[in-house]
A.B. asks: 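Before I ask anything, here is the structure I am working with.
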Amino acid sequence: MASSKIIFIFLLFLAHLHQHTFVKGDSSLIKRTCKNTKYYNLCFSSLKSDPSSPNADPKGLAVIMIGIGMTNATSTSSYLSSKLLSPSNNTTLKRVLKECADKYSYAGDALQDSVQDLANEAYDYAYMHITAAKDYPNACHNAFKRYPGLAYPRDLASREDGLKHICDVAMGIIDNLDW
């Protein structure tokens with residue numbers, strides 16, 4: 001639970017970073033790119049704080065956001081897997097946690113596939129893989145809904161929102177690449 005709070009706070013911190021923590025470099029491309037996304041502040045702060053962004057073209061900025069999404073998905077999968085190790089006799093909860101860990105792992109895989117798609121300039125496939133990654137958390141949420149006695153953890157809900165927002169930003173960037 002403590003690690004999920006730290007990650008949530010980190011995501012909030014990224015979304016609200018101020019200029020003094022940014023890397024040096026021209027931010028006009030990042031601003032123009034992020035204006036075309038659903039979550040400008042998340043986009044701008046994430047890209048501006050990445051040291052490789054000043055040298056990136058729009059496709060490179062998309063890859064940076066996808067990398068942030070992969071980190072989120074992997075971290076969430078690991079977090080859920082660690083919950084499986086806690087002493088509990090609730091086999092239903094453990095089954096759902098395992099299913100959710102798998103879904104977030106699949107989200108990471110889909111995001112990795114989207115990076116390869118971008119490298120191949122297969123933007124429609126990249127978009128499709130990011131859309132899939134964005135949807136995997138819904139499958140996790142729905143797994144909890146199947147069992148009325150299981151509450152969907154708040155920390156997992158914040159991780160879900162984080163991944164969805166990151167995916168929205170990446171898709172917004174890809175929307176503006178020359179297809």
A.B. asks: Check the side chains of Ser88 and Asn90 for a donor-acceptor pair under 3.5 angstrom, ignoring hydrogens and angles.
C.D. replies: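 Side chains of Asn90 and Ser88: no pair found under 3.5 Å.
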
A.B. asks: Looking only at heavy atoms, what is the nearest atom pair of Lys35 and Tyr40, with distance?
C.D. replies: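 Nearest pair, atom of Lys35 first, then Tyr40: N-CD1, 3.6 Å.
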
A.B. asks: Of the non-hydrogen atoms in Ile66 and Ala170, which two are nearest, and what is the gap between them?
C.D. replies: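 Result for this residue pair: CG1-CB, 4.0 Å.
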
A.B. asks: Quick check: does any side chain N or O of Ser105 sit under 3.5 Å from a backbone N or O of Ala101, one acting as donor and the other as acceptor?
C.D. replies: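 Between the backbone of Ala101 and the side chain of Ser105 there is no qualifying donor-acceptor contact (under 3.5 Å).
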
A.B. asks: Do Tyr123 and Leu118 have side-chain heavy atoms sitting under 4.5 Å apart?
C.D. replies: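 Yes, at least one pair of side-chain atoms sits under 4.5 Å.
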
A.B. asks: Of the non-hydrogen atoms in Ile174 and Ala62, which two are nearest, and what is the gap between them?
C.D. replies: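 Minimum heavy-atom separation between Ile174 and Ala62: CG1-CB, 4.1 Å.
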
A.B. asks: Once you round to the nearest 0.5 Å, how far does SG of Cys140 lie from CG of Asp135?
C.D. replies: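 It comes to 12.0 Å.
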
A.B. asks: To the nearest 0.5 angstrom, please state how far the SG atom of Cys34 sits from the CG atom of Asn41.
C.D. replies: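 The SG atom of Cys34 sits 9.0 Å away from the CG atom of Asn41.
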
A.B. asks: I want to check something: taking the side chain as every heavy atom from C-beta on, are Asp175 and Thr37 in contact at a cut-off of under 4.5 Å?
C.D. replies: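 They are not in side-chain contact.
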
A.B. asks: Is there a path of hydrophobic side-chain contacts, each under 4.5 Å between heavy atoms of I/L/V/M/F/W/Y residues, joining Tyr106 to Leu156?
C.D. replies: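 In one cluster with Leu156: Tyr106, no.
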
A.B. asks: Measure the spacing between CD1 of Ile30 and CD1 of Ile64 and express it to the nearest 0.5 Å.
C.D. replies: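 Rounded to the nearest 0.5 Å, the CD1-CD1 separation comes out at 7.5 Å.
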
A.B. asks: Ser53 side chain to Ser49 main-chain N or O, any donor-acceptor pair under 3.5 Å?
C.D. replies: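 The answer is no, because no donor-acceptor pair under 3.5 Å joins these two groups.
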
A.B. asks: How about OH on Tyr39, more than 12 heavy atoms from neighbouring residues, nucleotides or ligands closer than 6.0 Å, or not?
C.D. replies: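 Check passes, neighbour count above 12.
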
A.B. asks: Would you give the length of the straight line joining atom CG of Leu97 to atom OG of Ser81, rounded to the nearest 0.5 angstrom?
C.D. replies: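 Here the rounded value is 9.0 Å.
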
A.B. asks: Quick one: do Met128 and Val169 end up in the same hydrophobic cluster if we chain Ile, Leu, Val, Met, Phe, Trp and Tyr together by side-chain heavy atoms under 4.5 Å apart?
C.D. replies: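 Shared cluster, no.
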
A.B. asks: Are any side-chain N or O atoms of Asp50 and backbone N or O atoms of Ser46, one a donor and one an acceptor, separated by less than 3.5 Å?
C.D. replies: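 Such a contact is absent between Asp50 side chain and Ser46 backbone.
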
A.B. asks: Could you tell me which non-hydrogen atom of Tyr79 sits nearest to which non-hydrogen atom of Ser82, and how far apart they are?
C.D. replies: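 In terms of heavy atoms, the two residues are closest at O-OG, 2.6 Å.
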
A.B. asks: Might you point out which heavy atoms bring Cys43 and Ile173 nearest each other, and give the distance in Å?
C.D. replies: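 Answer, listing the atom of Cys43 first, then Ile173: SG-CD1, 4.3 Å.
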
A.B. asks: Describe, in one word, how the ring planes of Tyr152 and Phe144 are oriented to each other, choosing from parallel (under 30°), tilted (30 to 60°) and perpendicular (over 60°).
C.D. replies: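 Taking Phe144 first and then Tyr152, their aromatic rings stand perpendicular (interplane angle over 60°).
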
A.B. asks: Is there a side-chain contact between Thr131 and Cys167, using heavy atoms and a 4.5 Å cut-off?
C.D. replies: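 A side-chain contact is absent here, since even the closest heavy-atom pair is not under 4.5 Å.
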
A.B. asks: Using modelled atom types only, decide if a donor and an acceptor are shared between the side chain of His141 and the backbone of Pro137 within a distance under 3.5 Å.
C.D. replies: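 No; zero donor-acceptor contacts below 3.5 Å.
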
A.B. asks: Let's go through Tyr136 and Asp109 carefully: what are the C-alpha distance in whole Å and the side-chain angles of both, what is the deciding distance for side chain to side chain contact (heavy atoms under 4.5 Å, CB included) to 0.1 Å, and is it a yes or a no?
C.D. replies: CA-CA 11 Å; Tyr136 278 118; Asp109 293 344; over 6 Å; no

A.B. asks: Are the side chains of Tyr127 and Leu177 in touch, meaning some heavy atoms are under 4.5 Å apart?
C.D. replies: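 No; the side chains remain at least 4.5 Å from each other.
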
A.B. asks: In this structure, would Tyr125 and Met70 fall into the same cluster of hydrophobic residues linked by side-chain contacts under 4.5 Å?
C.D. replies: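 Shared cluster, no.
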
A.B. asks: Between Ser114 (side chain) and Leu111 (backbone), is there a donor-acceptor pair under 3.5 Å?
C.D. replies: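 Between the backbone of Leu111 and the side chain of Ser114 there is a qualifying donor-acceptor contact (under 3.5 Å).
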
A.B. asks: Roughly how far, to the nearest 0.5 Å, is the CD1 atom of Ile166 from the CD1 atom of Ile68?
C.D. replies: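 So the CD1 of Ile68 and the CD1 of Ile166 are separated by 6.5 Å.
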
A.B. asks: Do NZ/NE/NH1/NH2 and the carboxylate oxygens of Arg159 and Asp155 come within less than 4.0 Å?
C.D. replies: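 Judged by the 4.0 Å cut-off on N to carboxylate O distance, Arg159 and Asp155 do not form a salt bridge.
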
A.B. asks: Rounded to the nearest 0.5 Å, how far does NZ of Lys134 lie from NE2 of His165?
C.D. replies: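 Here the interatomic distance stands at 8.0 Å.
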
A.B. asks: Please name the pair of heavy atoms, one in Gly69 and one in Leu163, separated by the smallest distance, quoted to 0.1 Å.
C.D. replies: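 So the two residues come closest at O-CD1, 3.6 Å.
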
A.B. asks: Under a 4.5 Å cut-off applied to non-hydrogen side-chain atoms, are Asn138 and Glu160 in contact?
C.D. replies: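 Yes, at least one pair of side-chain atoms sits under 4.5 Å.
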
A.B. asks: Does atom NZ of Lys59 have more than 12 heavy-atom neighbours, drawn from other residues, nucleotides or ligands, at distances under 6.0 Å?
C.D. replies: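 Yes, the 6.0 Å shell around NZ holds more than 12 heavy atoms from other groups.
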
A.B. asks: Working note: Asp168 + Met171, criterion side chain to side chain contact (heavy atoms under 4.5 Å, CB included); need CA distance, chi angles, decisive distance, verdict.
C.D. replies: CA-CA 5 Å; Asp168 279 335; Met171 290 188 298; 3.5 Å; yes

A.B. asks: Please check if Tyr147 and Leu84 belong to a single hydrophobic cluster, counting links between Ile, Leu, Val, Met, Phe, Trp and Tyr side chain heavy atoms closer than 4.5 Å.
C.D. replies: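 Yes; Leu84 is reachable from Tyr147 via cluster members.
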
